[in-house]
Amino acid sequence: MAKVHGKTPAQVILCWHLEHGHSVIPKSVNPKRIAENVAIFDFHLNENEIRMIYALDTSRRGGPEPADISTRTYSFAIPD
C-alpha cells in the first residue's frame with residue numbers, strides 16, 4: 001500500500017489516523033522523519049485500503065492490561 005502511494009508505511013498509518021479524525025502526535029528528532037511525517041496531505045486511502053488496515057486488528061492487546069500496571073509491578077530505580 002505504501003509503495004502504491006510512494007509513501008512509507010508510517011505515512012500511510014498517519015494518513016489513516018487523520019482521515020478517521022484521530023489526533024496524531026508523531027515523534028522524531030530526525031529531520032528526514034519529521035519531513036516525512038508532514039508529507040502526508042497529498043494522498044488519500046481508498047475504501048479497500050481502509051478495509052485492509054481495519055483487517056489488521058486482531059482484538060488482542062500487544063502489551064499488558066492497563067489495570068495491571070502499577071509501581072509495584074513495573075518499577076525500576078532511577079540512578080542519580
Side-chain angles (χ1 to χ4, degrees):
M1 190 179 309
K3 287 180 185 178
V4 168
H5 290 286
K7 300 294 180 179
T8 66
Q11 287 173 304
V12 170
I13 295 303
L14 287 172
C15 178
W16 180 86
H17 279 292
L18 290 176
E19 288 185 355
H20 284 81
H22 302 156
S23 296
V24 180
I25 306 172
K27 177 186 163 237
S28 182
V29 296
N30 180 312
K32 182 180 178 223
R33 291 277 169 88
I34 293 169
E36 284 179 359
N37 290 340
V38 175
I40 60 171
F41 299 100
D42 59 349
F43 76 105
H44 294 282
L45 301 174
N46 64 43
E47 289 182 29
N48 186 51
E49 291 168 329
I50 290 169
R51 277 195 295 274
M52 290 170 65
I53 292 172
Y54 271 117
L56 296 172
D57 183 8
T58 62
S59 296
R60 293 185 62 204
R61 181 175 294 282
E65 288 293 328
D68 295 340
I69 297 173
S70 73
T71 55
R72 189 171 49 77
T73 57
Y74 288 91
S75 181
F76 59 92
I78 299 175
D80 293 331

Task: Nearest non-hydrogen partners of A2 and P9, listed with the distance - done: CB-N, 3.6 Å

- [ ] Return yes if a side-chain donor-acceptor contact under 3.5 Å exists between H5 and E49, otherwise no.
- [x] yes

TODO: List for me each residue that meets side chain to side chain contact (heavy atoms under 4.5 Å, CB included) alongside T73, sequence neighbours excluded, and say none if there are none.
DONE: S70

Open item on the list: Going by side-chain hydrogen bond (donor to acceptor under 3.5 Å, both in side chains), name the pairs with one or both residues in residues 34-43, residues two or more places apart or in two chains.
Closed with: K7-D42

In a table with atom names and distances, give each donor-acceptor pair under 3.5 Å that connects a side chain of residues 27-34 to protein atoms at least two apart or in another chain.
unit_1, atom_1, unit_2, atom_2, d
S28, OG, N30, N, 3.0
N30, OD1, K32, N, 2.8
N30, OD1, R33, N, 3.3

Task: side chain to side chain contact (heavy atoms under 4.5 Å, CB included) involving R51 - partner list, sequence neighbours excluded - done: E47, N48

- [ ] Could you name each residue pair satisfying salt bridge (charged side-chain N to carboxylate O under 4.0 Å, His left out) that touches residues 16-25, not counting sequence neighbours?
- [x] none

Task: Residues that, via side-chain heavy atoms closer than 4.5 angstrom, fall in one hydrophobic cluster with Y54 - done: M1, V12, I13, L14, W16, L18, V24, I40, F41, F43, L45, I50, M52, I53

Tell me which donor-acceptor pairs under 3.5 Å the side chains of residues 61-68 have, and how far apart each pair is, sequence neighbours excluded?
unit_1, atom_1, unit_2, atom_2, d
R61, NE, E65, OE2, 3.4

